Asker: 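Pasting a structure below so you can have a look.
So you know, we letter chains A, B, ... as the sequences are listed, proteins then strands, and number each from 1. Quick caveat, the model's predicted, so the values are computed rather than measured.
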2 protein chains.
Amino acid sequence: MDSREKILEVARDIFQKKGKSGTRMQEIADAAGVNKALLHYYFKNKDGLFKEVFVDLIRKMLLPLKQQMFQKNLPLEDRIQNFVDGYINSLKENPLLLTFILGELSMNNMPFVPPPEIGEGIIQLGVELKEDEEFKHIDPFQLATTIIGSCVFPFIARPMLIGLGLEKSTTFEEFLEERKKILPQIILSGIKIK
Amino acid sequence: MDSREKILEVARDIFQKKGKSGTRMQEIADAAGVNKALLHYYFKNKDGLFKEVFVDLIRKMLLPLKQQMFQKNLPLEDRIQNFVDGYINSLKENPLLLTFILGELSMNNMPFVPPPEIGEGIIQLGVELKEDEEFKHIDPFQLATTIIGSCVFPFIARPMLIGLGLEKSTTFEEFLEERKKILPQIILSGIKIK
DNA sequence: ACTCGAATTAACCATTTAGTTAAATTAGAG
DNA sequence: CTCTAATTTAACTAAATGGTTAATTCGAGT
């Protein structure tokens, strides 16, 4: 069993749950079944361990975004449908991921340099909107923010939504499934001309 | 000058910036210009101080939501326009608020009991959608999540959006102004029949 | 001026926490 | 089997941190 990998694995979980400053090195060591000094042996200090975990998680978060952003040779309708579907699915597998990253990003103002493909994908979206007579000429960043935000928001705001009365008639799970169906409809009618 | 109030005031700022576990009692005391023991005198312990700050901030966050959710006697078009406009404006005044609350809410799973008006406002939205032949019959929670999420997401994800290329051609400020115009259009066309 | 309670402080204490060091153990090459 | 380097640990230290206590100041009422 690789200790280094084990440490990273549990550190990922704990950091996500409790945030950087809420997490204790001892706690990670215990959970990984190793001595605390070993964390320092491999990662020098808390910052080092955190940074390694953090870039890992950023990558993990961006991967599905990247995958769903780029599907050339498909009509926009299908691409949006696929995006919403695929992205919500991947968020379901890591419900804490987004809140954690966005929270840490806003506290420590860490540098955030995503791979350029995503930004390019958004630009590309704008080009296609301009080319197709069927769609309005909307700023692609506005559109992307709307689409991504609509997918992501339920996960970030889950406790709030539940407090607001969601889950009184449906489960969160059902709500998400319904969302995968309805969101592409709303967005598509929103950007189509008439 | 009321020391108690001063403490709460600076605690609000620091907690929002650094989170609960990232904030030191000493730091708050220094910023408030009082002795650390005074914090314990008034609020018993860190948890007590935090809780008081937190419910204050929750209220502060819910107020504009409540105000913009309830404007009877107006056509849905105007209400959505007003909501987006008013809510984005109020978010601009407290850019850190949302990220902080949602982050803390997901870490410590605090109880979140908003005033019932907001939940009721959402239900009411559903009723009106059903009554009006012009609109699709969309689950009001889905719609509300989309509207609120679309307004809120830029603030939560600001560092990410900037990393993704926003602010290469426009400022964040301009982006928000544009958003206030464009969002109601997208959403309205999204829920209108044809 | 005196009293009494609230506000405020200085000086502590006990724990927790990140980080260090040197020794012990393990694993792999020869 | 042995030597060596990588891995792992026990036992520390120093600093930070939340919290306490006892003493002091302040202000309103008498």
Asker: By side chain to side chain donor-acceptor pair (under 3.5 Å), which residues pair with Gln81(B), not counting sequence neighbours?
Answerer: none
Asker: Check the distance between dT8(C)'s P and Lys6(B)'s NZ and give it to me in whole angstrom.
Answerer: 13 Å
Asker: Can a side chain N or O of Ser3(B) be found less than 4.0 Å away from OP1 or OP2 on dT8(C)?
Answerer: yes
Asker: With a cut-off of 6.0 Å (strictly less than), are more than 12 heavy atoms of other residues, nucleotides or ligands near NZ of Lys192(B)?
Answerer: yes
Asker: Check the distance between dA6(D)'s P and Leu38(A)'s CG and give it to me in whole angstrom.
Answerer: 15 Å
Asker: Could you run down nucleotides 14-29 of chain D 5' to 3' and tag each one B, S or - for protein heavy-atom contact under 4.0 Å?
Answerer: ---SBBBB--------
Asker: Measure CD1/Ile28(A) against P/dT17(C) and give the value in whole Å, please.
Answerer: 12 Å
Asker: Over how many whole Å does the gap from Lys20(A) atom NZ to dA18(C) atom C1' extend?
Answerer: 12 Å
Asker: Could you work out, with side chain to side chain donor-acceptor pair (under 3.5 Å) as the rule, every residue matching Thr146(B), not counting sequence neighbours?
Answerer: Arg179(A)
Asker: Sequence neighbours left out, what passes salt bridge (charged side-chain N to carboxylate O under 4.0 Å, His left out) with Glu173(B)? Give chain and number order.
Answerer: Lys92(B)
Asker: Kindly list each side-chain donor-acceptor pair under 3.5 angstrom involving residues 14-24 of chain B, sequence neighbours excluded, with atom names and distances?
Answerer:
residue  : atom : partner  : partner atom : Å
Gln16(B) : OE1  : Leu97(B) : N            : 3.4
Lys18(B) : NZ   : Glu27(B) : OE2          : 2.7
Lys20(B) : NZ   : Asp47(B) : OD1          : 2.9
Ser21(B) : OG   : Ser21(A) : OG           : 3.3
Ser21(B) : OG   : Gly22(A) : N            : 3.3
Thr23(B) : OG1  : Gly19(B) : O            : 2.7
Arg24(B) : NH2  : Ser21(B) : O            : 2.6

Asker: Under 3.5 Å, sequence neighbours excluded: what are the donor-acceptor pairs made by side chains of residues 30-38 of chain B?
Answerer:
residue  : atom : partner  : partner atom : Å
Asp30(B) : OD1  : Gln26(B) : NE2          : 3.0
Asn35(B) : OD1  : Ala37(B) : N            : 2.8

Asker: Let me know the distance between CZ of Phe43(B) and P of dA7(C), rounded to the nearest Å.
Answerer: 12 Å
Asker: Can you pull out every salt bridge (charged side-chain N to carboxylate O under 4.0 Å, His left out) where at least one residue sits in residues 123-137 of chain B? Sequence neighbours excluded, please.
Answerer: Arg79(B)-Glu128(B)
Asker: Hey, does the side chain of Tyr42(B) come within less than 4.0 Å of dT8(C)'s phosphate (OP1/OP2), counting only N and O?
Answerer: yes
Asker: For a 4.5 angstrom cut-off between non-hydrogen side-chain atoms, does Leu8(B) reach Val53(B)?
Answerer: yes
Asker: For DNA chain C, which residues of residues 9-18 of chain A approach it to below 4.0 angstrom with any heavy atom?
Answerer: none
Asker: Any pair with a residue in residues 151-164 of chain A that passes side chain to side chain donor-acceptor pair (under 3.5 Å), sequence neighbours left out, goes on the list, sorted by first then second residue, please.
Answerer: none
Asker: Whole angstroms only, please: what is the OH-P distance between Tyr41(B) and dT8(C)?
Answerer: 8 Å
